[in-house]
Amino acid sequence: VFLLYWITAFLSGAGVLVVELAATKSLDPWFGQSTFVWTNVIGLILLGLAIGNVAGGLLADRTRSPRLLGTLLVAAALLVGGAAWLPPVVARLLLPADLPLEAAFPFLLKGSFVAAFVCFFPPVVLLGAVPPFLVRCAARDLNEVGARSGVLYGASTIGSIAGTFATTYLLIPGLGTRGTLYGAAGMLAAAAVPLFLVEGRRAAVAVAAMGALVGFGVSALPDVRAAVPGAAIGRLVTCRDSRYQHLEVRERDDLPVAARVLALDEGLDSYQSVAPAQGTLTGGLYYDVFTMLALARGSTGPMRVLVLGMGGGTHVRQLLDVVGPGRELAIVGVEIDPEVVAIGREQLGLPEDPRLTVVTDIDARPFVEHCRGPFDFVIVDCYARQSFLPSHLVSREFFAAVRRLLAPTGEVALNVYGYGGRDPVVETVVRAVHSAFEEGVVVAAVPGSANFVVYAAREARPELPAAWKSERWPAQLQALARSMSAPGAAWIAAPDPGAHVLSDDDGELELLQWQRLADHARTLRESVR
Amino acid sequence: MQSDPTHAAFEQTIRESVREGRLDEAIAQLTRSGSTPEDATMLAYLCKQRGDYERAVRVLESVPGSDGLDAATLRLRGNALWLAGRMKKALTDLDAAERAATNATEQQSLHADIAVLRDKVEQMGRVDRSLARLDGATVVIAGILLAAVVEAHRRLFSGPRSRSADV
């Protein structure tokens, strides 16, 4: 019988960690997977366990009943099964239908807390009640309480470890997030079966066994394995979960050109890649500026381009389409998430082209450190978790490495999102670029958007947009070049010798990005009161 | 009105700085030596371009006679307020700019901007109301959690209970 309790402790411990990891993944399409979401989920799970431990201990003092323990497990299984379909319902109640990303910060922060509480707190409280109850059931004498509770808590922890690895490496990739939760529900119901058997409760055995079969059966259904669409706007084309993030392709007609876009995680109204319905130019979005910079380098001779953060291939398609016909072109596109490339090929027109080499499953930083180059033009468009610049891809060390990759006349250009040129994130990134490109850095505001294209050259200060010779460019790009040539629309970043430059060791950028999102969201809300 | 050659040279210097991309330098020069309402408008415009929206608004508000600004300056201030995220105030300025606009093209363009901004203001109103509900839910949940923790500890430490050696 003690082995039975050991197995129960193991399975309930595994159940807690399966729920915890699947919880974050379940909330990802609406609330993202930022540190705040993880903190809310982990905090609530631990609190649920603590409260469950206390409640279970109090309950165990009153009765020593394997049947009650089995009932706890069946109830937890039901709640875990419920948690598999609850997050979309709760998220839709919490997030306004037309919530823009710029106002979303408090919704992501508090909404993930409320959603985690509603969906995942109750089953964890029940699972938290299991270990003290098991100790009470398993210990026959006060003298063996220490040893038996130690073994059972050890079993629970080993179960948690097994649950952690199984969830990440087997369950979520194989069954999807909902399937994983249904599977966990089946496992918990199955754990209750022998507990009921010990007491000869046939009806309860039947119910628990049926619950286990339903849980395991539902977890294997193809529909359950599929990703659930999140809060991105536009008509859904397809969605899926990758190892790194939640991906959605949506059709949007509210952009300068009708297009399919790739939205990630808590993207809401923002997007990572754009595939226009007609042609490859995006009607003045920042992607077009990179193509203009490539065109501004002249129209003859070979060009070697490195695109860091290729996404679904917006830059690449434009370069092949607009720059490619006039000159010899070789592009290397680096994208960490192979699913993004797959979805780019399937839905966003990313071509198989002999001029394009795609590299996946590697972060842009180690690629830059180990790649030999040289490149004539390097595009850096590396955003993680939809709207966050990873520090290690905008540090002085990173830009020094990029500089080493450039040909003598090479240029680097990067996309930075910000609420104005004085946005602390924009200024921090510009300082980091400047530290590696002292000849001069140009900051160009992209008209009608919150994007800035920051660019620099290895040997000389690059030209301002007003100096671009755009007469032979496509009409869309000529119009954009005129807008960007307005007085003050682009400027040379002034050196700031005393200012702190972002390095690999700094955690400053993450905080700055959160702070400005919080500040901007507050300003917007207060402005309409 | 007679033009001031010194001031014309100053304006030329500013224009050159801007054309050459030395925006911060132009802003510093105008801040230091700008003397006319036109200089203030130019300074506000450059601050807006540079992304210093609040400063652009402050500059325009400090211009003598800023109560009776022309359509272009009202639009500049309205746009700076909009970019700074202060949407209701921006709407007031853009409405005033539309009323003060003297040509139809300008009026149409302002009308379109105002329609977009009005939608945005309404959207933010909805967002604000939703957030108030979410705040309420968060407080209730935090209260439940706190009460649960307090109750658990009260029960655990509410006094010695008799226990037998047999568990």
Side-chain angles (χ1 to χ4, degrees), chain A residues 44 47 50-51 53-55 57-58 61 64 94-100 102-104 106-107 110-111 113-114 117-118 121 125 136 139-143 145 418-423 426 440 442 445 452 461 464 466 486-494 520-521 523-529, chain B residues 15 18-28 42 45-55 81-91 120-131 133-135 137-138 140-142 144-145 148-149 151-153 155-156 161 163-167:
Chain A
L44 280 169
L47 190 56
I51 290 171
N53 288 160
V54 173
L58 292 168
D61 276 357
R64 179 186 172 184
L94 295 176
L95 300 178
D98 55 351
L99 178 66
E102 62 177 347
F107 287 90
K110 295 170 191 171
F113 176 78
V114 173
F117 176 82
V118 173
F121 187 77
V125 171
R136 174 77 164 101
R140 290 156 305 184
D141 188 282
L142 197 56
N143 293 325
V145 167
Y419 303 116
R422 290 285 185 205
D423 184 309
V426 176
V442 175
F452 293 83
R461 201 194 74 209
L464 290 161
W491 61 90
I492 298 157
H520 190 70
T523 305
L524 287 176
R525 288 198 322 278
E526 286 174 353
S527 84
V528 297
R529 283 177 189 159
Chain B
R15 273 196 293 273
V18 173
R19 196 170 52 244
E20 289 168 9
R22 291 179 281 117
L23 195 55
D24 288 343
E25 201 177 304
I27 290 171
M42 174 57 98
Y45 170 78
L46 294 181
C47 286
K48 193 208 89 177
Q49 293 291 78
R50 183 64 179 83
D52 211 342
Y53 308 126
E54 292 293 348
R55 187 173 172 203
L81 282 162
W82 187 352
L83 289 163
R86 293 160 63 188
M87 293 187 290
K88 266 196 174 168
K89 285 193 172 177
L91 202 51
K120 197 88 185 148
V121 168
E122 281 174 19
Q123 182 192 31
M124 279 305 137
R126 289 193 296 275
V127 165
D128 198 35
R129 287 190 291 279
S130 295
L131 187 62
R133 286 196 294 274
L134 180 58
D135 282 343
T138 310
V140 168
I141 289 170
I144 291 170
L145 293 173
V149 171
E151 178 61 14
H153 281 79
R155 283 179 182 241
L156 280 177
R161 286 177 296 163
R163 302 191 64 104
S164 69
D166 177 18
V167 291

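The shown structure was predicted, so the numbers you read here are calculated from the model rather than taken from an experiment. Quick note on labels: first sequence line is chain A, next is B, and so on, each numbered from 1.
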Engineer: With rounding to the nearest 0.5 angstrom, report the CZ to CE distance, A/R525 to B/M87.
Structural biologist: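 The CE atom of B/M87 is 11.0 Å from CZ of A/R525, to the nearest 0.5 Å.
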Engineer: Quick check: closest heavy atoms across B/G125 and A/V528, and the distance to 0.1 Å?
Structural biologist: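 What the structure gives for the nearest pair is N-CG2, 3.9 Å.
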Engineer: Measure distances from A/F121 to the heavy atoms of chain B and classify the residue's part below 4.5 Å as side chain, backbone, both or neither.
Structural biologist: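 Contact with chain B involves the side chain of A/F121 alone.
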Engineer: Do you know the tightest heavy-atom contact between B/L145 and A/L44?
Structural biologist: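 Shortest heavy-atom contact: CD1-CD2, 3.6 Å.
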Engineer: Whether the side chain of A/R422 engages the backbone of B/R50 through a donor-acceptor N/O pair (distance < 3.5 Å, no angle test) should be reported.
Structural biologist: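 Side chain of A/R422 to backbone of B/R50, a donor-acceptor pair under 3.5 Å: no, none is there.
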Engineer: Would you mind telling me which of B/V127, B/D24, B/V18 has the largest number of heavy-atom pairs within less than 4.5 Å of chain A?
Structural biologist: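 Heavy-atom pair counts peak at B/V127.
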Engineer: Does A/Y419 reach the main-chain N or O of B/G85 with its side chain, forming a donor-acceptor pair under 3.5 Å?
Structural biologist: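 No, the answer is negative, given that no donor and acceptor are paired below the 3.5 Å cut-off.
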Engineer: Rounded to the nearest 0.5 Å, what's the gap from CG on B/L131 to CG on A/L94? Could you check?
Structural biologist: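 Answer rounded to 0.5 Å: 11.0 Å.
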Engineer: So for B/A90, is it side chain, backbone, both, or neither that comes closer than 4.5 Å to the heavy atoms of chain A?
Structural biologist: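 B/A90 has no heavy atom closer than 4.5 Å to chain A.
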Engineer: Measure across A/G488 and B/L23 and return the closest heavy-atom pair with its distance rounded to 0.1 Å.
Structural biologist: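 Taking A/G488 first and B/L23 second, the nearest heavy atoms are O-CD2, 3.6 Å.
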Engineer: So what's closer than 4.5 Å to chain A heavy atoms on B/K120: side chain, backbone, both or neither?
Structural biologist: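 For B/K120, the contact with chain A is made by the side chain alone.
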Engineer: Under a 4.5 Å heavy-atom cut-off, does chain B meet the side chain of A/L464, its backbone, both or neither?
Structural biologist: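 The side chain, not the backbone.
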Engineer: Heavy atoms only, distances under 4.5 angstrom: which of B/L46, B/L83, B/D135 has the most pairs with chain A? Name it, please.
Structural biologist: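 Maximum pair count with chain A is reached by B/D135.
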Engineer: Pick whichever of A/N53, A/L99, A/D98, A/L95 has the most heavy-atom pairs under 4.5 Å with chain B.
Structural biologist: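 Max contact count across the listed options: A/D98.
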Engineer: Against chain B, work out which of A/P487, A/P96, A/A494 has the most heavy-atom pairs shorter than 4.5 Å and name it.
Structural biologist: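 If we count pairs closer than 4.5 Å to chain B, A/P487 comes out on top.
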Engineer: Give the minimum heavy-atom separation between A/G111 and B/L134, together with the two atoms involved.
Structural biologist: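 It is N-CD2, 3.7 Å.
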Engineer: Relative to chain B, which segment of A/A466 carries a heavy atom at a distance below 4.5 Å: side chain, backbone, both, or neither?
Structural biologist: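 Neither part, no heavy atoms under 4.5 Å.
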Engineer: Under 4.5 Å heavy-atom distance to chain B, tell me which part of A/E102 shows up: side chain, backbone, both or neither.
Structural biologist: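 Only the side chain of A/E102 comes within 4.5 Å of chain B.
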Engineer: Could you check whether any side-chain heavy atom of A/P100 comes within less than 4.5 Å of a side-chain heavy atom of B/Q123, counting everything from C-beta outward?
Structural biologist: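 Heavy-atom side-chain distance check passes, below 4.5 Å.
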Engineer: In Å, rounded to the nearest 0.5 Å, how long is the span from CD of B/E151 to CG of A/L58?
Structural biologist: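 Between B/E151 CD and A/L58 CG, I get 9.0 Å after rounding to 0.5 Å.
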Engineer: Check each atom of B/E25 against the heavy atoms of chain A and say whether the ones under 4.5 Å are side chain, backbone, both or neither.
Structural biologist: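 No part of B/E25 comes within 4.5 Å of chain A.
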Engineer: What distance do B/R86 atom CZ and A/T523 atom OG1 have between them, rounded to the nearest 0.5 Å?
Structural biologist: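 Atom-to-atom, B/R86:CZ and A/T523:OG1 are 9.5 Å apart.
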